[in-house]
Amino acid sequence: MSNRYYLTTPIYYVNDAPHIGHAYTTLACDVLARFKRLDGFIVKFLTGTDEHGQKVEKSAAAAGIDPKAFTDKVSQNFRDLAETMNFSHDDFVRTTEDRHKLAAQEIWKRLVERGEIYLDSYSGWYAVRDEAFYTEGELTTGPDGTKTAPSGAEVEWVEEPSYFFRLSAWQDRLEKFYEDHPDFILPKTRRNEVLSFVSGGLQDLSVSRTTFKWGVPVPGDDAHIMYVWLDALTNYITGVGFPEIETGEFAEFWPANLHMVGKDILRFHAVYWPAFLMAAGLEPPKRVFAHGWWTNEGEKISKSLGNVIDPLELVETFGLDQVRYFLLREVPFGNDGDFAHQAMINRMNGELANDYGNLAQRVLSMTAKNCDGAVPKPGSFTGADDALLNAAYGLIDTVREAMDVQAFHTALEAIWTVIRAANGYVDAQAPWKLAKEDQERMATVLYVLAETIRHLALLTQAYMPDASARILDQLAVPEDARTFEFLGANHALEPGTALPKPEGVFPRYQEPEKEA
RNA sequence: GGCGGAGUAGCUCAGUUGGUUAGAGCAGGGGAAUCAUAAUCCUCGUGUCGGGGGUUCGAAUCCCUCCUCCGCUACCA
């Protein structure tokens with residue numbers, strides 16, 4: 001099943017409003033999913049929402065509705081975001097769905113059967129105000145002996161019965177797994193962190209709670225609900241039909257090729273999750289990629305600062321494909337990045353409107369005017385012609401290699417190298433001059449350019465589906481001839497094919513007039 | 001404190017089996033062209049490759065040391 005590709009986003013916690021971070025993670029997956037589909041893979045692209053937990057329970061109570069009705073409502077925000085961003089997920093898992101409860105309870109049973117889970121009691125310093133536990137080292141002890149959390153909240157020692165997962169027993173096997181799969185965690189620097197963490201020793205993990213009800217009941221012990229990550233992480237196998245593993249999607253798609261996550265939740269995916277899976281007798285995923293965070297004009301983003309970036313607003317201001325392009329172009333994927341208004345405009349105008357859009361526009365306009373609005377008929381190719389065409393033909397290898405390690409920015413750089421070369425070729429060949437002096441040569445030049453642009457547009461489809469489709473429309477490339485098997489000279493544009501009237505695809509951004 | 005990563009042109013970065021004059025994009029200066037979304041193309045850098053020391057015929061690239069910045073150092077989704 002080597003032509004299957006299964007990738008996932010984290011499931012997003014419904015208590016949060018969708019922000020640029022959510023959009024970014026899913027966008028990266030979407031581009032990869034689209035790329036793999038174009039490249040001949042049968043893709044399963046999963047996203048979803050995490051709808052359990054105490055905070056949700058409380059938020060629902062505060063809103064005066066039951067938790068299910070509450071999550072139905074807020075979960076919709078994430079589906080709306082996906083719609084707006086043109087995300088192409090194949091499935092959307094909600095942890096409140098029956099299929100997920102079934103999967104979560106089944107993995108639990110497997111773990112119990114294998115002796116990986118035991119009942120004990122969980123104790124620790126708990127701050128009621130923060131709804132969080134703190135470790136001894138995080139606390140400050142006052143003169144009267146009272147302990148306080150870093151937030152200043154008073155903490156108390158609490159104990160409750162809890163089931164534990166024997167994570168401590170998995171250190172060696174995890175280390176072996178990392179060693180055998182050096183690309184399991186990317187980027188490399190994140191891998192180092194995980195290795196360092198694991199080599200420091202692992203403690204057993206509390207995997208159930210009794211203090212609230214909104215979650216998946218522990219099989220055979222309704223007093224407990226499954227806690228946090230065991231519930232949430234299991235969504236990745238819910239999505240492929242677990243517990244049915246012999247047939248169907250699980251057999252077809254598991255282990256997942258990629259879990260895309262933000263760097264803050266790497267540990268859960270790179271340590272706990274493979275341990276859970278191996279302990280349950282299932283294969284761990286092939287890769288976890290931890291990407292970075294965005295800042296806003298150099299400032300850390302936080303609710304309290306009020307500088308949260310709303311992806312819907314960005315799309316409204318700059319356009320969907322422009323935003324998709326910027327997010328994956330501005331930053332080496334994996335690094336933190338800064339969203340700056342001016343940087344967005346520079347990319348949008350400089351690279352999309354000027355470099356790419358204008359290349360298509362100038363070529364298509366000349367073709368429309370000088371070639372009867374049809375694909376020109378080329379003569380024999382010169383060295384310059386072949387050089388440009390070969391650059392376009394060779395692009396897929398570079399891009400594919402980059403995509404396979406989630407180097408989205410590298411792929412775009414490679415594509416833009418050819419775009420710049422194409423603009424240089426236009427100036428060097430000066431087809432507007434040839435129009436008066438040598439119509440045949442002009443036809444060849446415009447043909448070479450059209451064919452180059454066809455390749456560029458095919459390759460940018462994953463990033464900018466709508467804009468790329470419009471360029472391909474203008475080249476009269478049939479919709480069923482837009483996958484990567486149509487790259488190359490064998491599927492070159494047919495001379496004489498009628499072309500529609502060209503129109504701009506990437507408008508320049510104009511600052512709105514400021515009121516005096 | 002421990003472990004790890006980073007410090008290369010004004011900005012963002014590329015550059016490891018050590019080897020000719022260290023690269024790209026953007027910004028800035030100059031020029032060309034006028035097909036095109038006033039878009040494009042060409043051209044211009046005396047950069048201590050963080051400092052110091054060492055290995056080597058030769059180091060941004062290896063070793064030592066120092067400085068600065070950042071990440072991780074468990075149960076928060």
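Here is the naming used below: chain letters follow the sequence lines, and residue numbers restart at 1 for every chain. Computed over heavy atoms, backbone and side chain alike; hydrogens, waters and symmetry mates excluded.
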Q. Out of B/rC41, B/rC72, B/rA36, which has the shortest distance to the side chain of A/R420?
A. B/rC41
Q. Is the gap between the ring centers of A/Y163 and A/Y118 under 6.0 Å?
A. no
Q) Who is the Watson-Crick or G-U wobble partner of B/rA24, with both distances under 3.5 Å? A) B/rU12
Q) Between A/R508 and B/rA39, does any side-chain N or O lie under 4.0 Å from OP1 or OP2? A) yes
(Q) From the set B/rC35, B/rG71, B/rC41, return the single nucleotide nearest to any side-chain atom of A/N423. (A) B/rC41
Q: Rounded off to whole Å, could you give me the CG-to-C1' distance for the A/D264 and B/rU73 pair?
A: 16 Å
Q: May I ask you to say what A/W229 touches in the nucleic acid, namely base, sugar-phosphate or nothing, with a heavy-atom cut-off under 4.0 Å?
A: base
Q.
Could you tell me how far B/rA24 sits from B/rC41 if I compare only their P atoms? Round to whole Å.
A. 15 Å
Q: Output the single nucleotide from B/rA74, B/rA77, B/rU34 whose closest atom is nearest the side chain of A/Y227.
A: B/rA77
Q: Mind checking A/G201 for me? I need base, sugar-phosphate or nothing, with any heavy atom below 4.0 Å counting as a touch.
A: base
(Q) So if I take every side-chain heavy atom of A/Y272 and compare against B/rU37, B/rG4, B/rA74, which nucleotide ends up nearest? (A) B/rA74
Q. Quick one: ring-ring contact (aromatic ring centres under 6.0 Å, His included) pairs with a partner in residues 194-216 of chain A, sequence neighbours left out?
A. A/H52-A/W214
Q.
Does the structure show a Watson-Crick or G-U wobble partner for B/rC35, both distances under 3.5 Å? Name it, or say none.
A. none
Q. Sequence neighbours excluded, which residues qualify as ring-ring contact (aromatic ring centres under 6.0 Å, His included) partners of A/Y122?
A. A/F133
Q: Using heavy atoms to find the nearest nucleotide of RNA chain B for A/P431 and A/L167 separately, return the residue whose nucleotide is more 5′.
A: A/P431
Q | Nearest-angstrom distance, C1' atom, B/rC63 to B/rG31 | A | 49 Å
Q. Less than 4.0 Å between a side-chain N and a carboxylate O, is that true for A/K176 and A/E179?
A. no
Q) On a whole-Å scale, what distance lies between the P atoms belonging to B/rG4 and B/rC62? A) 16 Å
Q | Rounded interatomic separation in angstrom, taking NZ from A/K263 and P from B/rC70 | A | 12 Å
(Q) Measuring only the P atom in each nucleotide, how far is B/rU43 from B/rA6? A whole number of Å is fine. (A) 34 Å
**Q.** B/rU40 OP1/OP2 closer than 4.0 Å to side-chain N/O of A/N354
**A.** yes
Q) By a strict heavy-atom criterion of less than 4.0 Å, which residues belonging to residues 319-348 of chain A are in contact with RNA chain B? A) none
**Q.** Touch class at under 4.0 angstrom, heavy-atom based, for A/Y12 against every strand present
**A.** nothing
Q.
Would you measure the distance from the C1' atom in B/rA9 across to the matching atom in B/rA22 and give it in whole Å?
A. 10 Å
Q.
Can you list everything that forms a side-chain contact (heavy atoms from CB on, under 4.5 Å) with A/A353? Sequence neighbours excluded, please.
A. A/R508
Q | Nucleotide opposite B/rU68 in a Watson-Crick or G-U pair, distances under 3.5 Å | A | B/rA6
Q. Distance only, no hydrogens: is a donor on one side chain within 3.5 Å (strictly under) of an acceptor on the other, for A/E330 and A/Y325?
A. no
Q: Can you tell me the distance, in whole Å, between the CG atom of A/L233 and the P atom of B/rA77?
A: 12 Å
Q: With P as the reference atom in both, quote the distance from B/rU61 to B/rU56 in angstrom, rounded to an integer.
A: 16 Å
Q. When we call it a touch if two heavy atoms are under 4.0 Å apart, what does A/G424 touch: a base, just sugar-phosphate, or nothing?
A. sugar-phosphate
Q: Please state how far atom CZ in A/R362 lies from atom C1' in B/rU34, giving the value in whole angstrom units.
A: 9 Å
Q: With heavy atoms under 4.0 Å as the rule, sort A/V505 into base, sugar-phosphate or nothing.
A: base
Q) With sequence neighbours excluded, what pairs up with A/Y24 under the ring-ring contact (aromatic ring centres under 6.0 Å, His included) test? A) A/H291, A/W294, A/F333
Q: Tell me the partner of B/rG47, counting only Watson-Crick (N1-N3 plus N6-O4 or O6-N4) or G-U wobble (N1-O2 and O6-N3) with both under 3.5 Å; none if nothing fits.
A: none
Q) To the nearest angstrom, how far is A/Y509 atom OH from B/rU37 atom P? A) 22 Å
Q: State which of B/rU37, B/rU73, B/rG4 makes the closest approach to the side chain of A/Q361.
A: B/rU37
Q: Write down the partner of B/rG19 under the Watson-Crick or G-U wobble criteria, each distance required to be under 3.5 Å.
A: B/rC57
**Q.** Spacing of A/K58 atom NZ relative to B/rC76 atom P, expressed in whole Å
**A.** 15 Å
Q: Measure the distance from CH2 on A/W432 to C1' on B/rC35 and round it to the nearest whole Å.
A: 6 Å
Q. Expressed in whole Å, how much space separates the C1' atoms belonging to B/rA14 and B/rG54?
A. 28 Å
Q. Of all the choices, B/rC3, B/rG4, B/rA77, which nucleotide is nearest to the side chain of A/Y13 once you look at every atom?
A. B/rA77
Q) With a 4.0 Å cut-off on heavy atoms, is A/K433 in touch with a base, just the backbone sugar-phosphate, or nothing at all? A) nothing
Q) In terms of side-chain heavy atoms of A/K55, which of B/rC35, B/rG71, B/rC76 is nearest? A) B/rC76
Q: On RNA chain B, check which nucleotide each of A/E413 and A/L205 is closest to and give me the residue with the more 5' one.
A: A/E413
Q) How about A/T9 and A/T25: does a side-chain donor come under 3.5 Å of a side-chain acceptor? A) no
Q: For nucleotides B/rA59 and B/rU48, find the distance between their C1' atoms and express it as a whole number of Å.
A: 15 Å
Q. What does B/rG1 pair with, Watson-Crick or G-U, if both distances are under 3.5 Å?
A. B/rU73
Q. Is there side-chain contact between A/K433 and A/D438, with at least one heavy-atom pair below 4.5 Å?
A. no
Q) Taking the six-membered ring of A/F92, is NZ or CZ of A/R79 closer than 6.0 Å to its centre and within 45° of its axis? A) yes
Q: Please determine, for the side chain of A/E351, which listed nucleotide (B/rC35, B/rU73, B/rG25) has the closest atom?
A: B/rG25
Can you give each donor-acceptor pair under 3.5 Å made by side-chain atoms of residues 420-428 of chain A, sequence neighbours left out, with the distance rounded to 0.1 Å?
| from | atom 1 | to | atom 2 | distance (Å) |
| --- | --- | --- | --- | --- |
| A/N423 | OD1 | A/R362 | NH1 | 2.9 |
| A/N423 | ND2 | A/D355 | O | 3.1 |
| A/Y425 | OH | A/D385 | OD1 | 2.6 |
| A/D427 | OD1 | A/R362 | NH2 | 3.1 |

Q.
Considering every strand and a 4.0 Å limit on heavy-atom distances, what is the contact class for A/L364: base, sugar-phosphate, or nothing?
A. nothing
Q) Quick one: which of B/rA36, B/rG4, B/rC41 gets closest to the side chain of A/N358? A) B/rA36
(Q) By nearest atom, which of the nucleotides B/rU40, B/rC41, B/rU37 is closest to the A/D355 side chain? (A) B/rU40
Q.
What is the distance, to the nearest angstrom, from the CG atom on A/L195 to the C1' atom on B/rU73?
A. 14 Å
